[in-house]
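Down below is the structure, laid out as structure tokens.
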Amino acid sequence: MKLSLFYGKKVVSTDGKCGYVLSVNANGCILECLRCADEDENEFYIDIRNIVSVGDKIIYEDRERAIKASKPLRLGCAGYDERGVFLGNVTEYEYKGTKLLNAKIGKKNYPAAGIERGDAVIVKDCVKLKSDVKKDGKVIIKKGEALSKETVNKAVEAGEFVQTTMKTIV
């Protein structure tokens, strides 16, 4: 593709934000972003990795809202349970790919889905499965998994909601 085809081309985000390309920016030999402007001449940038398609117009995924809604992961801040009991300080977060898995608070790991982050970390009461949930001899939900919305949905789809709920007790 020729770079000259980008200049002046209309850009539209998946959220409906529109504008046009002013320039293409590179870092060494790698294209980094498009510098664009909207109808009021307010400039904005589009990361090359967020471009969905290029045709008569450039369609891109607008990640600005997601980035603005994100919160910092602070190590060393205090962790409390929902009743206000101090659990310890956050010493580590574990992730895989871009998904946050666990937070280590004090000497224990807590599932990331069960914590609220801010100036301190609040750990929601978390119920875990005490044994595997099986259907037709196949494990569908593993022992130790937190009973989250995703886990409940997986159990309902497999027709094993009652078994899943009971295995949090026994």
Side-chain angles (χ1 to χ4, degrees), residues 11 13-17 25-34 36 44-53 58-170:
V11 294
S13 77
T14 52
D15 290 342
K17 184 176 181 178
N25 295 4
N27 188 1
C29 293
I30 298 174
L31 298 179
E32 290 290 341
C33 64
L34 302 177
C36 304
F44 61 95
Y45 292 88
I46 299 171
D47 190 322
I48 290 290
R49 294 171 293 210
N50 291 343
I51 294 176
V52 177
S53 68
I58 298 171
I59 298 174
Y60 69 98
E61 183 180 5
D62 189 359
R63 302 272 304 134
E64 189 174 356
R65 284 189 189 148
I67 290 169
K68 286 182 179 179
S70 65
K71 297 177 184 174
L73 296 170
R74 294 188 177 116
L75 297 176
C77 66
Y80 299 92
D81 68 9
E82 289 182 311
R83 294 174 297 285
V85 175
F86 179 71
L87 301 173
N89 291 324
V90 177
T91 56
E92 191 61 81
Y93 285 100
E94 291 180 33
Y95 68 94
K96 183 174 183 178
T98 59
K99 184 170 173 77
L100 195 58
L101 302 173
N102 297 309
K104 185 169 184 178
I105 303 172
K107 294 182 180 182
K108 292 180 76 179
N109 282 323
Y110 297 92
I115 62 173
E116 293 291 324
R117 294 175 284 112
D119 290 335
V121 171
I122 307 297
V123 178
K124 299 177 193 171
D125 286 333
C126 181
V127 178
K128 293 184 178 182
L129 295 171
K130 296 189 170 122
S131 60
D132 291 340
V133 175
K134 298 178 182 179
K135 183 174 185 174
D136 301 328
K138 182 182 174 188
V139 175
I140 56 172
I141 304 171
K142 292 183 179 181
K143 173 185 176 182
E145 192 167 331
L147 194 62
S148 64
K149 289 178 187 177
E150 293 83 18
T151 307
V152 170
N153 289 340
K154 188 193 282 184
V156 168
E157 287 173 12
E160 297 298 335
F161 175 74
V162 173
Q163 181 188 171
T164 303
T165 306
M166 294 303 293
K167 295 223 173 171
T168 63
I169 301 168
V170 183

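If you're wondering where the values come from, they're calculated on a predicted model, not measured in any experiment. Values below: every heavy atom of this structure, side chains too, minus hydrogens, waters and symmetry copies.
Side-chain atoms of Asn109 and Glu94, non-hydrogen and from C-beta on, do get closer than 4.5 Å to each other. For the pair Val152/Thr164, no side-chain contact is recorded, criterion being any heavy-atom separation below 4.5 Å from C-beta on. Taking 4.5 Å as the limit, every side-chain heavy atom of Tyr110 sits out of range of all side-chain heavy atoms of Val121. Contact check for Asp132 versus Lys143: side-chain heavy atoms found under the 4.5 Å cut-off. With a 4.5 Å cut-off on side-chain heavy atoms, Leu34 and Ile51 count as touching. Contact check for Phe44 versus Ile46: side-chain heavy atoms found under the 4.5 Å cut-off. At a threshold of 4.5 Å between non-hydrogen side-chain atoms, the residues Leu75 and Tyr93 count as touching.
The minimum heavy-atom distance between Ala78 and Tyr80, with the atom names listed, is CB-CE1, 3.5 Å. For the pair Ile105 and Gly88, the tightest heavy-atom approach, listed with the atom from each and the gap, is CG2-O, 3.4 Å. Between Arg117 and Leu100, the shortest heavy-atom contact is NE-CD2, 4.4 Å. Shortest non-hydrogen contact noted between Val11 and Tyr60 is CB-CE2, 4.1 Å. Of all the heavy atoms in Lys167 and Ser131, the pair that sits closest is CD-OG, 2.9 Å. Here the closest non-hydrogen pair linking Pro111 and Asn102 is CA-OD1, 3.7 Å.
Atom OG1 of residue Thr151 and atom CZ of residue Phe161 lie 11.5 Å apart, to the nearest 0.5 angstrom. Within the model, atoms CG of Asn50 and CD of Glu61 stand 6.0 Å from one another, a figure rounded to the nearest 0.5 Å. In this structure, CG in Asn89 is found 7.5 Å from SG in Cys77, a value given to the nearest 0.5 Å. In this structure, CD on Glu160 lies 12.5 Å from NZ on Lys134, to the nearest 0.5 angstrom.
Remark: side-chain polar atoms of Lys154 are not paired, donor with acceptor, to backbone N or O of Ile141 under 3.5 angstrom. Without hydrogens or angle criteria, Asp47 side chain to Arg49 main chain gives a donor-acceptor distance under 3.5 Å.
Contacts classified as salt bridge (charged side-chain N to carboxylate O under 4.0 Å, His left out) and involving residues 75-92 (residues at least two apart or in different chains) are given here: Asp81-Arg83, Arg83-Asp125.
Using a cut-off of 4.0 Å between Lys/Arg side-chain N and Asp/Glu carboxylate O, Lys124 and Glu116 are scored as salt-bridged. A salt bridge links Arg74 with Asp119: the distance from a Lys NZ or Arg NE/NH1/NH2 to an Asp or Glu carboxylate oxygen falls below 4.0 Å. Between Asp15 and Lys17 there is no salt bridge, since no side-chain N of the basic residue sits under 4.0 Å from a carboxylate O of the acidic one.
Heavy atoms from other residues, nucleotides or ligands lying under 6.0 Å from CZ of Phe86 number more than 12.
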